[in-house]
Amino acid sequence: MTEFFDGHRLRLRLRAEDEGIEDFKTHELLEFLLCYSIPRKDVKELAHQLEERFGNISGVLNADVHSLLSVPGVGRRTADFFAALGEAARAYQNSHWTDRPLLNNLYLLTPFLRKKFPSAPNQAEQTWQFLLSRDGYLLSGMMLCDSILWGEEEMIRRSLDHLLDAHAHSLLLVLVTPGRPGRPEPYDLVHLEPFSKMLSSMGIHMLDCVFVGTDVYSMHYSGDFTRSKTLNQASFALRETYLKEPDFPET
């Protein structure tokens, strides 16, 4: 195998072994992966072309074989390699969904949020987003900002990157207001509708915007989504499941 990693390839391999690949830039990670499908050839330029065409590693691994083959320098072997790698990554992710909490119901979500965000007056305000799979299991959670001004351009970009990387089906936006009850402000109403429409155009559903402080306030449950036209037609189909009180087994 070492003969396949002469010079720069060898340095990439040793760096991956010593440090891991978490800090690799997109083109470096693509170059590293290309070494396994294209031996004995400089693949640096091809890695940059793939990044330019698909944006990031997620875009490459989600591309179909036909799209991959449209990039000059990508042959059938490389296209099949990335397509198979993407399938393996998705299968791995799917296998872990059922190990994560089911949050597609407000009565299940509320104790989850209470545990994660115990109200304390000295805590800072925060905005989080939680991404759910098609089956309603938690895929990922991320703090968008250490304030509740979540609708700024930089925060929206962060949110979209997170959503696309996780292949999320729906989104829960959570605003943490420690020490006081949180309620939607005009700022939230102004930003929620265009944000929801943007998500809808991407096939992602805004399931709820929840305020967690001295109480838990759901804009979906309170009817704010309906009044602000935040729910799209597909999201209405999720409403019954989200708002229905589950039948807990008797103890």
Side-chain angles (χ1 to χ4, degrees), residues 101-121 123-134 136-160 162-163 166 168-246:
L102 183 66
L103 299 179
N104 65 342
N105 179 277
L106 181 60
Y107 293 89
L108 300 176
L109 174 66
T110 299
F112 170 83
L113 294 177
R114 275 293 186 208
K115 183 177 180 180
K116 185 167 183 64
F117 303 111
S119 183
Q123 290 180 334
E125 294 182 333
Q126 298 175 346
T127 300
W128 283 70
Q129 67 176 17
F130 295 94
L131 313 185
L132 306 186
S133 70
R134 182 175 296 276
Y137 290 95
L138 177 64
L139 288 175
S140 180
M142 180 182 76
M143 187 178 75
L144 283 179
C145 56
D146 55 358
S147 73
I148 53 175
L149 299 179
W150 60 271
E152 304 308 305
E153 184 176 345
E154 179 183 352
M155 301 307 112
I156 296 298
R157 283 199 303 268
R158 290 192 65 196
S159 172
L160 295 179
H162 187 209
L163 286 158
H169 177 261
S170 55
L171 163 69
L172 291 162
L173 189 66
V174 176
L175 281 68
V176 183
T177 58
R180 66 179 179 87
R183 296 295 184 269
E185 301 286 346
Y187 177 93
D188 303 301
L189 300 176
V190 165
H191 288 89
L192 270 172
E193 186 173 346
F195 183 48
S196 177
K197 288 181 178 179
M198 182 188 305
L199 296 180
S200 180
S201 70
M202 300 163 59
I204 302 170
H205 309 295
M206 168 67 80
L207 188 54
D208 202 354
C209 179
V210 182
F211 292 78
V212 182
T214 53
D215 62 2
V216 176
Y217 181 90
S218 161
M219 288 187 65
H220 195 151
Y221 179 84
S222 302
D224 297 314
F225 270 17
T226 303
R227 288 191 290 272
S228 66
K229 301 180 181 179
T230 298
L231 286 176
N232 54 50
Q233 185 174 1
S235 295
F236 273 112
L238 304 174
R239 182 182 178 91
E240 184 176 357
T241 298
Y242 184 69
L243 297 181
K244 181 180 179 182
E245 186 170 0

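Side chains included, hydrogens not; waters and symmetry mates left out as well; all remaining heavy atoms used. This is a predicted model, so every value here is computed, not measured.
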As an exercise, state the distance from CZ of F195 to SG of C209, rounded to the nearest 0.5 Å.
10.0 Å
Could you pull out the closest heavy-atom pair between S140 and H162, with the gap in Å?
OG-NE2, 2.8 Å
To the nearest 0.5 Å, tell me how far C145 SG sits from L175 CG.
7.5 Å
With rounding to the nearest 0.5 angstrom, report the NE2 to CG distance, H169 to L163.
12.5 Å
Are a donor atom and an acceptor atom from the side chains of N104 and T241 found within less than 3.5 Å of each other?
no
Heavy atoms of other groups near F112 CZ, more than 12 under 6.0 Å:
yes
Please find the pair of heavy atoms, one from R183 and one from F211, that lie closest to each other, and give the distance.
O-CE2, 3.6 Å
Using the salt bridge (charged side-chain N to carboxylate O under 4.0 Å, His left out) rule, take R158 and E154 through it: C-alpha gap first, then chi angles, then the decisive distance, then the call.
CA-CA 6 Å; R158 290 192 65 196; E154 179 183 352; over 6 Å; no
For Y242 versus H220, what's the shortest heavy-atom pair and its separation?
CD2-ND1, 3.6 Å
Are R114 and D215 side-chain neighbours, meaning at least one heavy-atom pair lies under 4.5 Å?
yes
Looking at P184 and L189, what are the two nearest heavy atoms and their distance?
CB-CD2, 4.5 Å
Taking all non-hydrogen atoms of both residues, which atom of L139 and which atom of A166 are closest, and how far apart?
CD1-O, 3.5 Å
Stepwise, does the side-chain contact (heavy atoms from CB on, under 4.5 Å) test hold for T214 with T177?
CA-CA 8 Å; T214 53; T177 58; over 6 Å; no
For L132 and L103, the nearest pair of non-hydrogen atoms, with its separation, is CD1-O, 3.8 Å
Between the main-chain N or O of Y107 and the side-chain N or O of T110, is there a donor-acceptor pair closer than 3.5 Å?
no
Would you give the length of the straight line joining atom CG of L149 to atom CD of E185, rounded to the nearest 0.5 angstrom?
10.5 Å
Side chain of S200, backbone of S196: donor and acceptor closer than 3.5 Å?
no
Does S159 use its side chain to pair, donor to acceptor, with the backbone of M155 at less than 3.5 Å?
no
With side chains defined as the heavy atoms from C-beta onward, is the minimum distance between S222 and Y217 less than 4.5 Å?
yes
Any Q129 side-chain heavy atom under 4.5 Å of W150 side chain:
no
For the atom pair CG (L172) and CE (M206), what is the distance rounded to the nearest 0.5 Å?
9.0 Å
Is the backbone of S147 close enough, under 3.5 Å, to the side chain of T127 for a donor and an acceptor to pair up by distance?
yes
Do the non-hydrogen side-chain atoms of F117 and V174 ever get within less than 4.5 Å of each other?
yes
Side-chain heavy-atom pair L192, M219 within 4.5 angstrom cut-off
yes
Using a 3.5 Å distance criterion without hydrogens, assess whether the side chain of Y187 forms a donor-acceptor pair with backbone atoms of I148.
no
Does any non-hydrogen side-chain atom of L160 lie less than 4.5 Å from one of M202?
yes
Please examine the side chains of L171 and L131, heavy atoms only from C-beta on, and report whether any two atoms are closer than 4.5 Å.
yes
